[in-house]
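First up is the structure itself, then whatever we jot down about it.
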2 protein chains.
Amino acid sequence: MNAKGPRIQEVAVEAGVSTATVSRTLSNPDLVSEKTREAVLAAVEKTGYRINRAAQNLRKRQAGAILVLLPNLGNPFFSQILSGIESVFATSDLSVLIADTNGIKQDQLTGYFRDTRADGVILLDGGIPRAVLNELAQTTPDNRIVFACEWKPGTDLPSVRSDNRGGAQQAIAHLVQLGHSKIGHIAGPRNNVLTKERLAGFEAAMRNQGLEIVPRWVVDGGDFSLDAGAQAARQFIEMDERPTAVFCGSDLIAMGFISEMHKRGISVPNDFSVVGFDDIEIADRFIPSLTTIRQNRTQLGVLAATTLLGQLSGRAVAAQDNVQLVDVLLIKRGSTAAI
Amino acid sequence: MNAKGPRIQEVAVEAGVSTATVSRTLSNPDLVSEKTREAVLAAVEKTGYRINRAAQNLRKRQAGAILVLLPNLGNPFFSQILSGIESVFATSDLSVLIADTNGIKQDQLTGYFRDTRADGVILLDGGIPRAVLNELAQTTPDNRIVFACEWKPGTDLPSVRSDNRGGAQQAIAHLVQLGHSKIGHIAGPRNNVLTKERLAGFEAAMRNQGLEIVPRWVVDGGDFSLDAGAQAARQFIEMDERPTAVFCGSDLIAMGFISEMHKRGISVPNDFSVVGFDDIEIADRFIPSLTTIRQNRTQLGVLAATTLLGQLSGRAVAAQDNVQLVDVLLIKRGSTAAI
DNA sequence: AAATATTATGTAATCGATTACAAATGAGTG
DNA sequence: CACTCATTTGTAATCGATTACATAATATTT
């Protein structure tokens, strides 16, 4: 199939040692005398030897890869997290597999493990059915699963996440500081953990500030998309009394909202102040530029990857580190103004 | 390492046949009598057997995976292409590996093949050094490389791409129809193939329309980013005579341009008409909504994946199908107006 | 019914690394 | 010098599937 390169056997002959010694030199150099090590490395260099991963994986009963599962590959939000994950694994000799939980069937999913196609998973989808999760956990006895961004409540799997609640509170504090007291919230998809956290943060902050939470002003986004924001805007437009500011569950929601308001002749930030969540790249260049809560997506990816790598090498995550919270940051821009 | 499931041996015993027969049943059912097939499948079902990919790959001298190489994982432009690719491979039993040419060293790259970690590549980066490409081609004798979106001029590897030139012409035709004759172009990164094609399309269209190409109005983007567009806007602002419309090498450039113009009090489309390229998701919700050339990114991904899959199964691409051109579509929106 | 062709199945070698175990070598000690 | 212990290396079994080849069973032809 491939132009086959040299085998470990050829390296052994070249170096005048056994294959066992070559293998040791490569994977555990300390076991080998310095003279031998040099001879072997020279032979590797000379022959251009590259290990055959399939053989190695078979013998070591491993997959040599980790799997990243995300709810929707088409969503740009994830690309930077992937980038962070990738950067960590690029230096290991594990490959990174990517799959979309959208198109995937439960069976295929657990198949990744039973097939020994992956040694661990980074789950970016908190909406994964519990049955699948159980099966995953069963097929990977030592908990080779790490959640990133989202997570599944009620499971004790390690997770890396942004401080969603804190972010919501920062957003509200900012609006209050600008003089707003009538504040609404456009939430994300109803059953999403992020939605719940941000909503909880919103409610806590409103209460702390002594502000009234008007139920009609807390609307369901359906999802985190532009359309969800536009849809919410239409709802607000039909109200006889409106808030003066809204905190949105995502930047996309915020932009969809602003865009739809704009179409109806309502201006942000003059008539409405809007805060987003995520700080996606375009936020800075949207018109108006978007005030938002920045998530450090690369760091989320890096942390998740590092954690999984730790698990794989046997370092179990200490219970108190089970949830790693990543700070978020309020970025003040043009979509919010004093009342 | 993993809770080890049943082996093919156990299935064989359960079904009362040899391992060879089990293997045949699973990979080549026609070789086996119906009665045996049923017995084997029942045994597979009963034992919950899953193949061990490492063993299979070793024996078949394959990697069981394909590699997608992209210039920048953090760039959302690629996520939808990935999604298309993924959807094709989800039904095969090949895994999809993803790596970033940015962080990767040449050696690591060719290592993917020599290690037998990948059976084929989809290259989304036309800027890959020729040396690397040569080495890739050498280590994969049967041309298991397919370009998507971008490509490398002077190589005869199969490629799937949008009709960039045609897109540029549609853009110019649209502007001319609106009455514009003073038209500029903000190109992408100088050495990029897409940049060159779109620029060529721009020039051809201008000539066809009998319009003058003003060199100062054709500016270098540096890259395809928002910042590149903003930077170009600053250049235009300093000119004493400006065009009335610009065609941009990407949507991000267009948005950066519009945003920066807006900051300087110049309004799109009143003072300037702007056409983008790509039709990324936000284009429709940008303010103003962006007139642009839509690339069918999912289709690009699907076609590339299908082509590679064909190559892997021995179907060589016919010479005349070496370049697959995907149609683009002008989407008229709010960033262009009659003069 | 014998001869031949076809289909179905089993036996055992093979893919290329790792590692348990054994053996050889060398160092240190009384 | 004989003996113990540590270090280094080699031999060969092993991981779990696939497949070349041999053989058995069945169908077809004359």
Side-chain angles (χ1 to χ4, degrees), chain A residues 1-41 43-44 47-64 93 111 113-117 119, chain B residues 1-41 43-44 47-65 93-94 111 113-117 119:
Chain A
M1 172 141 303
N2 280 334
K4 34 192 175 298
R7 301 294 124 81
I8 201 172
Q9 174 64 46
E10 289 159 54
V11 178
V13 170
E14 177 70 33
V17 298
S18 72
T19 60
T21 300
V22 175
S23 177
R24 288 187 195 108
T25 307
L26 263 25
S27 59
N28 222 336
D30 292 343
L31 288 179
V32 147
S33 77
E34 174 149 8
K35 220 182 66 189
T36 315
R37 195 184 319 144
E38 279 164 11
V40 169
L41 292 179
V44 166
T47 55
Y49 171 74
R50 282 310 190 108
I51 200 168
N52 179 308
R53 295 287 171 190
Q56 182 183 49
N57 290 336
L58 171 58
R59 178 58 227 241
K60 297 180 94 173
R61 297 159 138 271
Q62 66 182 14
D93 40 40
F113 287 89
R114 298 222 225 82
D115 286 14
T116 38
R117 288 215 275 182
D119 297 315
Chain B
M1 173 144 301
N2 279 334
K4 34 191 173 298
R7 299 296 123 81
I8 200 172
Q9 174 64 47
E10 289 158 54
V11 178
V13 170
E14 177 71 32
V17 298
S18 71
T19 60
T21 299
V22 175
S23 177
R24 289 188 193 105
T25 308
L26 263 24
S27 59
N28 221 337
D30 292 342
L31 288 180
V32 146
S33 77
E34 174 149 7
K35 217 182 67 190
T36 313
R37 194 183 321 142
E38 279 165 9
V40 169
L41 292 178
V44 166
T47 56
Y49 171 73
R50 282 309 190 107
I51 198 168
N52 178 308
R53 294 287 170 191
Q56 183 181 49
N57 290 337
L58 171 59
R59 178 58 228 237
K60 297 179 94 172
R61 299 162 134 272
Q62 66 182 15
D93 39 40
L94 290 161
F113 288 88
R114 298 221 228 82
D115 286 13
T116 36
R117 288 215 274 184
D119 297 315

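Quick note on labels: first sequence line is chain A, next is B, and so on, each numbered from 1. We use all heavy atoms of the structure for the numbers below, so side chains are in, but hydrogens, waters and symmetry mates are not.
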query = Nearest to the side chain of A:Arg59 - D:dG16, C:dA17, C:dG10?
reply =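 From the listed options, C:dA17 comes nearest.
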Rounding to an integer number of Å, can you tell me how far [X] [atom1] sits from [N] [atom2]?
X       : N      : atom1 : atom2 : answer
B:Lys60 : D:dG16 : NZ    : C1'   : 14 Å
B:Asp30 : D:dT19 : CG    : P     : 15 Å
B:Glu10 : D:dG16 : CD    : P     : 9 Å
B:Leu26 : D:dT19 : CG    : C1'   : 15 Å
B:Arg61 : D:dT18 : CZ    : P     : 16 Å

Over all heavy atoms of both residues, which pair between [X] and [Y] is shortest? Give the atoms and the distance, please.
X       : Y       : answer
A:Ala54 : B:Leu58 : CB-N, 3.6 Å
A:Ala12 : A:Ser18 : CB-C, 3.7 Å
A:Ile8  : A:Tyr49 : N-CE1, 3.4 Å

message = When you measure from the side-chain N and O atoms of A:Thr21 to the phosphate of D:dG10, is any distance below 4.0 Å, counting only OP1 and OP2?
response =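 For A:Thr21, the contact criterion (side-chain N or O under 4.0 Å from OP1 or OP2 of D:dG10) is met.
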ask   = Do the side-chain N or O atoms of B:Tyr49 get closer than 4.0 angstrom to the phosphate oxygens (OP1, OP2) of D:dG16?
value =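 Answer is no, no contact under 4.0 Å.
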request  = Name the nucleic acid region contacted by B:Val22, choosing base, sugar-phosphate or nothing; use a 4.0 angstrom heavy-atom cut-off, strictly under.
outcome  =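 Contact class for B:Val22: none.
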inquiry  = Is it the case that the side chain of B:Ser23 and the backbone of B:Thr19 share a donor-acceptor pair, with hydrogens and angles ignored and the cut-off at 3.5 Å?
reply    =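 Such a contact is absent between B:Ser23 side chain and B:Thr19 backbone.
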key: Donor-acceptor under 3.5 Å (A:Arg53 side chain, B:Arg117 main chain)   =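 Answer holds: no.
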key: Proximity to DNA chain D (any heavy atom under 4.0 Å), residues of residues 31-40 of chain B only   =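 Contacting residues: none.
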Taking only N/O atoms, report every protein-nucleotides 20-22 of chain D pair under 3.5 Å with atom names and distance.
| from | atom 1 | to | atom 2 | distance (Å) |
| --- | --- | --- | --- | --- |
| D:dA20 | N6 | B:Arg24 | NH2 | 3.4 |

